[in-house]
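For reference, the structure is listed below as structure tokens.
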2 protein chains.
Amino acid sequence: MLCASCEARHGGVCAALDPDQLAVLARSARKYEAGSGTELMGDAERIESYANVLSGVVKLTKTLSDGRQQIVGLQFAPDFLGRPFKAESDLNAEAATDVSLCAFPRASVERMIRASPELERRLYLQALKELDEARDWMVTLGRKTAGEKIASFLLMIARSIEPAAGTDRMSARFDLPLTRADIADFLGLTIETVSRQLTRLRADKVIAIENNRHVIVPDLSRLEARQGR
Amino acid sequence: MLCASCEARHGGVCAALDPDQLAVLARSARKYEAGSGTELMGDAERIESYANVLSGVVKLTKTLSDGRQQIVGLQFAPDFLGRPFKAESDLNAEAATDVSLCAFPRASVERMIRASPELERRLYLQALKELDEARDWMVTLGRKTAGEKIASFLLMIARSIEPAAGTDRMSARFDLPLTRADIADFLGLTIETVSRQLTRLRADKVIAIENNRHVIVPDLSRLEARQGR
DNA sequence: CGGAAGGTTTGATCTGGATCAAAAATGCAG
DNA sequence: CTGCATTTTTGATCCAGATCAAACCTTCCG
């Protein structure tokens, strides 16, 4: 059965469900892959389904009518994707990398929420986590310099991609899930400024970059010293 | 009894409770006033109580160690103040104006949440609302010009202070609940830039200002045209 | 009423990051 | 491997908003 080996079964919202409930939900669930760049949900579109992110990274964006864009959130496995209790989305969700998702029809999720306070609790906790993250980024967007923004971003990715890093390890290596353009949209900068700041970090030997995507941080504390605190 | 004439009894979280539950909670509730500038909750402080905002405005701030500050949220009546399920606050809450609050000890709120899924649902909805707001502000912080930020801010205040305005009415007048310094901390600008942009809006007759605090908007659509869309 | 203390506006100058422009990597299809 | 498209880096210049510096208002309290 679908859920047996699923990551969301553990850390994700499905962990809230008992075997019977899980069986019910699994019946209407549909697992699928989407290539990088695929739009998963459009602004002003009716919300017809929710999904768990099983692998890859999803970016949530808002766009002004003249084309200026801002990424307002990134979702990693096993995050739950979608905004309950709202008929229409007011943002775009797009696959930032190739992703694999487990989608549920809107109706079954909402029925399940009504039936399981435990599930609602999980969703509430994720909303609180996303709110905490959004507020941290407001500080980054409003008050940090370009160099501090880039350092903050790299540290955030390092922590999300390889949870091992965070605490004790001194070094980290990971692939950037975003292009330079995406990083710019996330940090409220231009592509050129992102590139220049990465170049500077490289020149100062705080990081090394291979093939434009793979980042090596030999000493996380040196990167932390640059994020602004 | 306390709750009979309370505003939070209607729009706020207390509306989720039945009369018995309300009576229980009221027993440990304490209503009080705090003057503008009072710190209501400190960063890295243990969370000992929650509160409903009954009147006035509370600002939520984050501060970098070198003093740079960012306001990450504003709370108006009848918002619920506090972050459930977390031992320690990671932000400051301060009265931006004189406020009146109805405070509950941490333990009674958490007991009540466990007892009332309806209350938890309300809190979840408020978290989702705050998340939506935070994401809108991320666009403002990351991608709008100083002039657009100020217009967005004035419109947000107009809508929160006098809910009547929002829809059909063409004009609005209200007192700014924040000083120029607070507005700057909210928008990621300096005091001087805030002042200059307000002066420009005044020069262009989009707004009028009396006594530094009272704002008159004769035609909301002209202000909307300046907020960036 | 005078006068000290904040808060606000205005002016002059500077600068970090944007914009404009082009070269260099990288990836891919044939 | 070659050639083309896309992404990234680097360089030159510009400008919105920051910074530095004064004046100007409001309160409000003795």
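Chain letters run A, B, ... following the sequence lines, proteins first and then strands; every chain starts at 1.
Atoms CG (L141(B)) and C1' (dA16(D)) sit 17 Å apart, rounded to a whole Å. Atom pair D182(A):CG and dT6(D):P shows a separation of 16 Å (rounding to whole Å applied). Between the CD atom of E210(A) and the P atom of dT9(D) there is a distance of 14 Å, given to the nearest Å.
Contacts between residues 183-204 of chain A and DNA chain C, defined by a heavy-atom separation under 4.0 Å, are made by G188(A), L189(A), T190(A), E192(A), T193(A), R196(A). Looking at residues 144-157 of chain B, you'll see T145(B), A146(B) sit with a heavy atom under 4.0 Å from some atom of DNA chain D.
Bending across the helix from dC1(C)-dG30(D) to dG30(C)-dC1(D), expressed as the angle between its end axes from five pairs apiece, amounts to 40° (10° rounding).
Nucleotides of DNA chain C lying under 4.0 Å from heavy atoms of chain A occupy a range whose first and last members, 5' to 3', are dG17(C) to dT26(C).
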Residues 190-198 of chain A side chain polar contacts: donor-acceptor under 3.5 Å, at least two apart:
residue	atom	partner	partner atom	Å
T190(A)	OG1	T193(A)	N	3.3
T190(A)	OG1	T193(A)	OG1	3.1

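A salt bridge is defined here as a Lys NZ or Arg NE, NH1 or NH2 lying under 4.0 Å from an Asp or Glu carboxylate O, and D43(A) with K62(A) fails to meet this definition. Between E94(A) and K59(A) there is a salt bridge, with a side-chain nitrogen of the basic residue lying less than 4.0 Å from a carboxylate oxygen of the acidic one.
Residues satisfying the side-chain contact (heavy atoms from CB on, under 4.5 Å) test with E148(A), not counting sequence neighbours, are K144(A), T145(A), R68(B). Annotation: side-chain contact (heavy atoms from CB on, under 4.5 Å) contacts of S49(A) (sequence neighbours excluded): none. Residues passing the salt bridge (Lys or Arg N to Asp or Glu O under 4.0 Å) test with D132(B), sequence neighbours excluded: R83(A), K86(A). Every residue two or more places apart in sequence or in another chain that forms a side chain to side chain donor-acceptor pair (under 3.5 Å) with R143(B) is listed here: D185(A). Considering only residues two or more places apart in sequence or on other chains, A8(B) meets the side-chain contact (heavy atoms from CB on, under 4.5 Å) condition with C6(B), N52(B), L54(B), P78(B). Qualifying side chain to side chain donor-acceptor pair (under 3.5 Å) partners for S36(A), counting only residues two or more places apart in sequence or in other chains: none. Every residue meeting the ring pair (Phe, Tyr, Trp, His ring centres under 6.0 Å) condition with F153(B), not counting sequence neighbours, appears here in chain and number order: F186(B).
For the pair T61(B) (side chain) and Q70(B) (backbone), a donor-acceptor distance under 3.5 Å is absent.
Within 6.0 Å of CZ on R200(A) lie no more than 12 heavy atoms contributed by other residues, nucleotides or ligands.
A donor atom on one side chain and an acceptor atom on the other are not found under 3.5 Å apart for S89(B) and E45(B).
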